Every structure is written in structure tokens, then in C-alpha cells.
Participant: 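Quick one: the structure is below, questions incoming.
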Amino acid sequence: MYALCDANSMYASCEKIFDPSIRDKPVVVLTNNDGCICAACHVAKRLGIDKKFVPYFKVKEDLERAGAVIRSSNYELYADISQRMMDVCSRYAPNSHIYSIDEVFHYYQGWMPPEGWFEHARAIRRAVWQEVRLPIGVGVGPTLTLAKAANHAAKRIPGYRGVAVIDDEESRRYILQHMELTDVWGIGSRLARRLTALGVDTVWKLANANPGWIRKNFSVLVESTVYELSGTAKLGWDDVRAPKKEIYSTRSFGQRIYTPEDLLQALTQHAGIAAAKLRRQNSLAGAAIIFATSSPHDNQGYYRKHITHRFAVPTEDTTVIAAACRSALGQIYREQVPFYRCGVGLVDLSDKATSQHDLFNCSVDNSELMACMDAINVKYGRDTAHIAGQGIRQKFAMRREFLSPQYTTRLSDIPRVKC
Amino acid sequence: MLRFIPIPAQAGISGFESPAAEYTQSTLNLDELLIDHPSATYLGYAEGESMVGEGIFSGDLLVISRFEKVKDQDVVVANLNGVFVCKKIDKRRALLLSAAPGRAPYHIREGDDFQIEGVVIRSIRLHRPLVKSI
């Protein structure tokens, strides 16, 4: 059996843990740089102010009227809470696989909890609430896709109250019959439209479709989904974990940037962030996409420009990628443009372990230096060591106007308790 | 592990190199000494003098565990109407007790927003204030 534990409105829930004064209030969290709404707690959802990815300035007044509490993304806090949640959850299973910041899968092999699956799932949920103060939903099923479906039921289908188990024909039928096609893992809206057009217009029909026919008309992936929905495991960790095919580091600036020096610093910083992520998954980048734009909301014309820089030899070296940014700058920068956003994307990734050497082009990567820099930054915090080109004082630091304290990761931010 | 201090604090005997150095098992680590369940443990600063009878003074560091079962007369941190408070809990009479002379107990009433947040398992006296490093 598999279980999926998934936090409810993770970011908004994290904000409530250390601020009891907002526990019953509608809380919404904004994306990087306070751009858009990215999470809303259930109170906010009930009030209808959970406009996901709507720009904040557009709904600012609605939010004020509803008495909503606004928070900037506090990733330092969310990452720490996430790790606590994962620690507690993984006590309950022999194998677990962290899928994202707020989701973890369990795999029980042949083991059965003596108290039964429902009680087991409830115990996980209760422990995470008690020890972390994070509300989660737990779904249990014989395949990853059914565990995901049960998790959906736990949170969305009335009557389940945070825990759902698919362990017999009846529970499988009931839950699948109460889902929309797009609620199924791996079925996007376009795929759902095509399925509907061919007469497979419910999840139950999809679960009972002929796998061969599905493969012929769609893909092996949708065929696997059919098997998984009918209870035959087809997906494993490796299918759901495939390493990222591209890595982006991009961000909008707290204030507009006008000089080439500032733009280069920002690009260089993104080169460093993306390269560190690249090294963490042991990949090499074949090319970098380097870009900068003005804001589409500024009244003078929108400007965007991107350069794709192909490396002679795939690289993982921050200095090589930063040098590419420097050479691209002349083509990207334009005077008088109020730059609002820039970034570096690393694409055409390959596995470092199986990389081919080139007789005529030698890699200039300094892997030892990079490993040393990464080790320093893991131990002492991000950006302790970085290449000088990104500058020491940054004008374009993120705007986080509504940032809560970093309650668990910074001495000065530890909560105060009245005695 | 709590990750708020970047370098684990260690206490060991030093001065001359011990001939037994090779047999050292491990150095002591404050996290291990003070924290039983890292993922359920939180830190807070005490503010106020109402718990001096329990040895908790203003400015002390509280180690709060959400793992522990709350027992009668435990020192706890609770959410009382949107504020974290540190008190002794009298479960049978639904009272929050202070531990300083002249402080009346607080009777938890219906309509109060009240939850116990965790048990204070340790308190640490900061004879000198914490210095923020790095």
C-alpha cells in the first residue's frame, strides 16, 4: 500500500503556527516579491478570496474589505516546517519519498498496520497536527495514483475529514465516482477534453477502459494511469521523481534597475543559484537562457530580450555560466529601460556521470572549487561564498513587505512568550 | 536537529592532548542534551516575571516540546486569546497558575480561545545575551 500525506494550504498554515492571533483569520500568502497570491487558508477560501496567481494589486481592496491577513513568502520558515512534517510522517512507514515541499509518499511493501489503515492514517494526521501544528490530509491506496485519489477525497469529498483509504472495491468505486477527470493525477485539462470527446467522460469509465485502446489513442503514460486506477501498480518512485529537465532562477526586482552593472550583478546571482541546483542533481547544462524584461504593467513599452548561450562543453561551473551572462549583457541591456525582471535558465541538461568528453574542446570546469563553494554554502547558509560579480550589496533584493519572522531558523526571530 | 545555530555547540575537556584521544566516543552536543524530539521542539523567549517561582525569568530561553503529553501541573506554553503565555496548568480546575507571589490564577472560561501549544521541558538562563553570529 501507498499513502500520500499532503499539507493543507501549506504556506498559509505555516504562517499560523507561530502567530496565534491570526489562526481564525483569512490568511493569504504572496509570491516572490509580493507579486501574486500563491496560497490561501481555508478561512480565506470560504470567503472566496483565494484568487490563486492573481496579481496582488488587483485584489488588494477586496482583501482589505474581507479583513485578510497578508504575508510575503517566508521560504526559510516553510522549509523548516516542511522538514519537521516530513520527519514526523516518515516515522510511520518503512519507505518514504518526499515529492514536494508539502507532499510525502509512503510505501509499506507488504506491511499492514495492526490498527488498520484508517486508524493508521488518522494517527499520522494527528501526530503532524500535535507536533508541528500543521493540518494535513492523508490518502491511502494500493497504487500511487490511488493514494493520490484518496488524498483528494480526504480533502475535497465531504465526509472524509482529512483521511481516506482505498482498500476495497467499494471504497475505490465510491471515491473514483466522486472525482472529476482533471482531479486524477496526470490528467490535465487538455487530456480530459480529448478523453471526453472519445466517450471516456468520467473517472470511473477511465478506470474501466481497455488499456490497449488507451495506449493506442493516447500514450503509455495514460495507459499506466488506467492500470493504476484499477489497482495495478505501474508507477514507482523513479517515474514520479525524474530529474528536472531544466532549471530556472528568475525573480523580479524590488525596484527597477537601470544600469548595466546592476543588471549584470542580478544575472550573475541567478547564474549562481541555478548552477548550485544543477550540481545538486549531478547534471551538466548544454545551454543557458539569459533574459531580462521590463514590467508589462509599466506604461512605457514592454521590453523583453533573451539570449541562448550554448556552451562549447556542457558545464556545471558557476564562473562559466556567469561569464556567459557577461557576454550576453551587451545584447540584453538597453539604456532607459526600467528592468523589472531577469533570470537564468539552464537547459539541455545531461547526466554528469555519463558525460562524453570532447577531443577538441576541453572542459574548463573547476569541479573542486564548485564542490568547495557548495559545501561552504550548505554549512553556513546560502551566499556565504559566491563569485564577486554578483556584488556585495544588492539593490534588487526581494520586496517582502509583509514578511513574518523566521521563527525557527533565526535567533532574533524566536517567538516571545508572556510570563 | 534544530538548525538555528549554524555550528553545533560542543563542550569538551581540553588543555593537553590526551593519550586517550583516539578512544573518544563523541563530543557532547547541546541539541542532544536538551532536545528529545527535534521535529516537535521549538524555542521561545520568556517575557515577564510571573514564573520566577519555577525558575523562569524574563529573557530566559524556553525549550518547548509538542511531543510530550500534558500532565497536571506541567509548565506549558498556551495560546490564550491569540497570545502565547507560559503558565502552570491545573487541568482539573481549568486554571492557569502563575508561579510568583501575588499573582491570581486565571480561570479558563467558555469563549476563551485556548489551546495548549506545548510543554516547557527546559529553560535556559542567558547570563549574557545571545550574540548573533555571522
Side-chain angles (χ1 to χ4, degrees), chain A residues 5 14 16-25 27 69 76-92 96 104 124 126-135 375-385 405-419, chain B residues 1-7 37-52 54 56-62 64-70 75-87 98-100 103 113-118 120 123 126 129-134:
Chain A
C5 312
C14 286
K16 295 191 175 196
I17 297 174
F18 294 99
D19 188 350
S21 70
I22 63 168
R23 290 223 177 130
D24 303 325
K25 293 191 179 148
V27 172
V69 176
E76 293 83 353
L77 176 67
Y78 309 154
D80 183 71
I81 298 301
S82 168
Q83 189 159 355
R84 289 165 184 264
M85 168 188 160
M86 301 310 171
D87 284 353
V88 175
C89 286
S90 45
R91 282 211 305 264
Y92 287 83
S96 54
V104 55
I124 300 175
R126 211 178 312 129
V128 174
W129 174 251
Q130 189 190 322
E131 294 176 36
V132 191
R133 275 292 180 279
L134 198 62
I376 290 171
N377 287 335
V378 164
K379 186 160 184 186
Y380 297 103
R382 192 169 121 184
D383 265 352
T384 305
Q406 288 157 26
Y407 298 104
T408 53
T409 50
R410 246 167 107 146
L411 278 181
S412 56
D413 288 2
I414 292 170
R416 324 243 138 202
V417 181
K418 280 256 166 306
C419 283
Chain B
M1 284 281 272
L2 285 170
R3 281 166 303 281
F4 67 99
I5 298 174
I7 305 164
H37 300 281
S39 59
T41 305
Y42 302 82
L43 298 176
Y45 285 118
E47 268 185 356
E49 302 291 345
S50 80
M51 293 301 284
V52 293
E54 288 286 332
I56 297 173
F57 293 80
S58 203
D60 285 1
L61 198 60
L62 304 175
I64 304 150
S65 171
R66 283 189 165 136
F67 189 87
E68 303 290 327
K69 271 232 148 50
V70 181
V75 176
V76 298
V77 168
N79 163 27
L80 180 63
N81 298 322
V83 178
F84 285 141
V85 297
C86 172
K87 298 283 168 196
S98 289
R103 307 268 182 142
D113 186 12
F114 178 80
Q115 292 110 33
I116 293 180
E117 295 289 328
V120 177
S123 66
L126 306 173
L130 293 169
V131 182
K132 240 182 80 186
S133 57
I134 307 181

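Within every chain, numbering begins at 1; the chains are lettered A, B, ... in the order of the sequence lines, protein sequences first and strands thereafter. Keep in mind that the numbers below use all heavy atoms, side chains included, and drop hydrogens, waters and symmetry copies. Bear in mind that the values here come from a model prediction, so they are computed numbers and not experimental data.
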Participant: Passes salt bridge (charged side-chain N to carboxylate O under 4.0 Å, His left out), Arg66(B) versus Glu131(A)? Steps please.
Facilitator: CA-CA 5 Å; Arg66(B) 283 189 165 136; Glu131(A) 294 176 36; over 6 Å; no
Participant: Go through the atoms of Glu117(B) and report whether side chain, backbone, both or neither lie under 4.5 Å from a heavy atom of chain A.
Facilitator: both
Participant: Among Val120(B), Val83(B), Ile56(B), Leu62(B), exactly one meets side-chain contact (heavy atoms from CB on, under 4.5 Å) together with Val417(A). Which residue is that?
Facilitator: Leu62(B)
Participant: Would you mind checking which part of Arg23(A) comes under 4.5 Å of any heavy atom in chain B, side chain (CB onward), backbone (N, CA, C, O), both or neither?
Facilitator: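 Side chain of Arg23(A) only, per the 4.5 Å heavy-atom cut-off to chain B.
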Participant: Among Phe84(B), Phe67(B), Phe57(B), which residue forms the greatest number of heavy-atom pairs with chain A at distances under 4.5 Å?
Facilitator: Phe84(B)
Participant: Between the side chain of Arg84(A) and the main-chain N/O of Ser39(B), is any donor-acceptor distance below 3.5 Å?
Facilitator: yes
Participant: How many angstroms lie between atom NZ of Lys87(B) and atom NZ of Lys418(A), to the nearest 0.5 angstrom?
Facilitator: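 With rounding to 0.5 Å, NZ (Lys87(B)) is 10.5 Å from NZ (Lys418(A)).
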Participant: Side chain from CB out, backbone as N, CA, C, O: work out which of these in Asp413(A) comes under 4.5 Å of a heavy atom of chain B, or both, or neither.
Facilitator: neither
Participant: Using heavy-atom distances under 4.5 Å, tell me whether Ile22(A) contacts chain B through its side chain, its backbone, both, or neither.
Facilitator: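 When you check distances to chain B, no heavy atom of Ile22(A) falls under 4.5 Å.
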Participant: What are the two closest heavy atoms between Leu411(A) and Tyr45(B), and how far apart are they?
Facilitator: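 Answer, listing the atom of Leu411(A) first, then Tyr45(B): O-OH, 3.3 Å.
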Participant: To check you understand the geometry: which heavy-atom pair defines the closest contact between Val132(A) and Tyr42(B), and what is its length?
Facilitator: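 Distance-wise, the nearest heavy atoms are CA-OH, 3.3 Å.
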Participant: What part of Asp113(B) gets within 4.5 angstrom of chain A, counting heavy atoms only: side chain, backbone, both, or neither?
Facilitator: side chain
Participant: Between Glu49(B) (side chain only) and Cys419(A) (backbone N and O only), is there a donor and an acceptor less than 3.5 Å apart?
Facilitator: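 No.
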